[in-house]
There are 2 protein chains.
Amino acid sequence: MKQSLKKPVPDPTVRERLLTAATDLFNRKGYAGTSVREIVEAAGVTKPALYYHFESKEGVYLALFQETFAAFLATLAVPGSGAGSARERVLDLCDRAFQFSVAHLPLVRLMYAIYYGPPQGAPNFNFEASHEAVQSLIAAVVREGIESGEFKPIAVEDAMWAVVGALNIAMEVDLCHPEQSLGREGLARLLNAVFDGLATSATPLKKARKGVRP
Amino acid sequence: MKQSLKKPVPDPTVRERLLTAATDLFNRKGYAGTSVREIVEAAGVTKPALYYHFESKEGVYLALFQETFAAFLATLAVPGSGAGSARERVLDLCDRAFQFSVAHLPLVRLMYAIYYGPPQGAPNFNFEASHEAVQSLIAAVVREGIESGEFKPIAVEDAMWAVVGALNIAMEVDLCHPEQSLGREGLARLLNAVFDGLATSATPLKKARKGVRP
DNA sequence: GTCTATATTGAGATAGAC
DNA sequence: GTCTATCTCAATATAGAC
């Protein structure tokens, strides 16, 4: 048993190859449909290597999401995101999130597949937590923008959803149609459109404002 | 084959029960993992009933999406969506789309599962077409709004994505967290926020506007 | 032990009575 | 339109020869 509980600098190549191979196979054949044998063969290693770095197939799966999620939060929390106007900080936050998403498309795709797909015996990972983490980060900046008067005094939740909606659609376009990706510049344009508004003048509905169509 | 191409008012109960049961099972066990036997048992009918109304298991699957998609387009094209300001028309269009989505959550969920999930031998259905249909409808109204001066002269695509982003996020919240649904009113608030803008004044970035972070 | 041939199972699909 | 009863076919499991 060479491996203590401290993880003494495990070989990154083998570990990475296993994670990459697992992501690819889970995407192509599903979690249940992927065997440990297939993973190790695709990674060019042997079974014991997998069981050394991870405890099981479930361990590979959980490591995949846990480590990526941790890296995602670290990316968002990087210094420099606390300076500037609320608009700039939201743009920066979304830019980081978008870049991360683009750099990890296969895992994002897997997340969607697991989240929406039928149960496959895959271990539970709290995807909600990662969504809520991003949302609360954006909501916090939006709240400050509203309190400082930079943003209009609308509900924080509404403003947050407007921003998350733009970020989310940019990510999904990249995921589903990479060839027509909006790119970082496109996301920035989109967010600025949301900040500045589409309308030339703030002219709400002519008719009743309470209730939607009868 | 009594059933002509005109669909002479087929019995809605059995047919509907089959479609509902299939949607539920496909969602829970996947397309490949669901057998015809399970579908007919869940629907309380026998195999031949399924093969009478549909030609095969694939036929059930395709009917599910084809008919729902057709109904969706019909919902969006309903009279009344051509009147009023561009803002009102976009709100109306999105409201219809949202209501339809909420009324067909299981099928929307299945669409996501099929779209992002691993191949399961399910027949090809062009999900892109339905997305593009909605997008082009919205883009058309947005374009008219821009041309009439009601909207700012930004790129039609950008404005379209801003609107679709808001609609999309409202749909996904309803899909993933129905308990915190924005509801029709929430979607309207969200869209109006996008129309009017979050910022109190159109003050873009202080620094360079070309390029995102270096 | 391995290999081939045969069962067994469960899938999708159908014929013909009612 | 719906049912009972049956068919075809593929994958898998197993038996028994070698």
Inset, instruction - Could you tell me whether A:R189 and A:E185 make a salt bridge, using a distance below 4.0 angstrom between a side-chain N and a carboxylate O? - result: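 No.
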
Would you kindly give the [atom1]-to-[atom2] distance between [X] and [N], to the nearest whole Å?
X     : N      : atom1 : atom2 : answer
B:E41 : D:dT4  : CD    : P     : 12 Å
B:Y52 : C:dG12 : OH    : P     : 22 Å
B:H53 : D:dG1  : NE2   : C1'   : 6 Å
B:K29 : C:dG10 : NZ    : C1'   : 13 Å
B:L25 : C:dG12 : CG    : P     : 12 Å
B:E38 : C:dG10 : CD    : P     : 12 Å
B:F54 : C:dT14 : CZ    : C1'   : 18 Å
B:I39 : C:dA13 : CD1   : P     : 10 Å

Considering only [options], which nucleotide approaches the side chain of [X] most closely?
X     : options                : answer
B:V36 : C:dG12, D:dC3, D:dG1   : C:dG12
B:K47 : D:dC3, C:dA13, D:dG1   : C:dA13
B:V14 : C:dA15, C:dA13, D:dT2  : D:dT2
B:R37 : C:dA11, C:dA15, C:dG12 : C:dA11

Inset, instruction - May I ask you to verify if any side-chain N or O of B:Y51 is less than 4.0 angstrom from the OP1 or OP2 atom of C:dT14? - result: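 So the side chain of B:Y51 is outside the cut-off, no N or O lying under 4.0 Å from OP1 or OP2 of C:dT14.
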
Inset, instruction - Give a yes/no on whether any side-chain N or O of B:T46 is located under 4.0 angstrom from OP1 or OP2 of D:dT2. - result: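 Looking at the OP1 and OP2 atoms of D:dT2, neither is under 4.0 Å from any side-chain N or O of B:T46.
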
Legend entry - A:K57 (side chain) donor-acceptor with A:Y31 (main chain) under 3.5 angstrom: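 Yes: the side chain of A:K57 pairs with the backbone of A:Y31.
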
Inset, instruction - Would you please test B:F151 and B:F195 for ring pair (Phe, Tyr, Trp, His ring centres under 6.0 Å) and show each step? - result: CA-CA 8 Å; B:F151 293 159; B:F195 286 130; 5.5 Å; yes

Inset, instruction - Classify the ring geometry between B:H104 and B:F100 as parallel (under 30°), tilted (30 to 60°) or perpendicular (over 60°). - result: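 B:H104 vs B:F100 ring planes: parallel.
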
Inset, instruction - Could you tell me whether B:F127 and B:F125 have their ring centroids closer than 6.0 angstrom? - result: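 Close enough - the centres of the two rings lie under 6.0 Å apart.
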
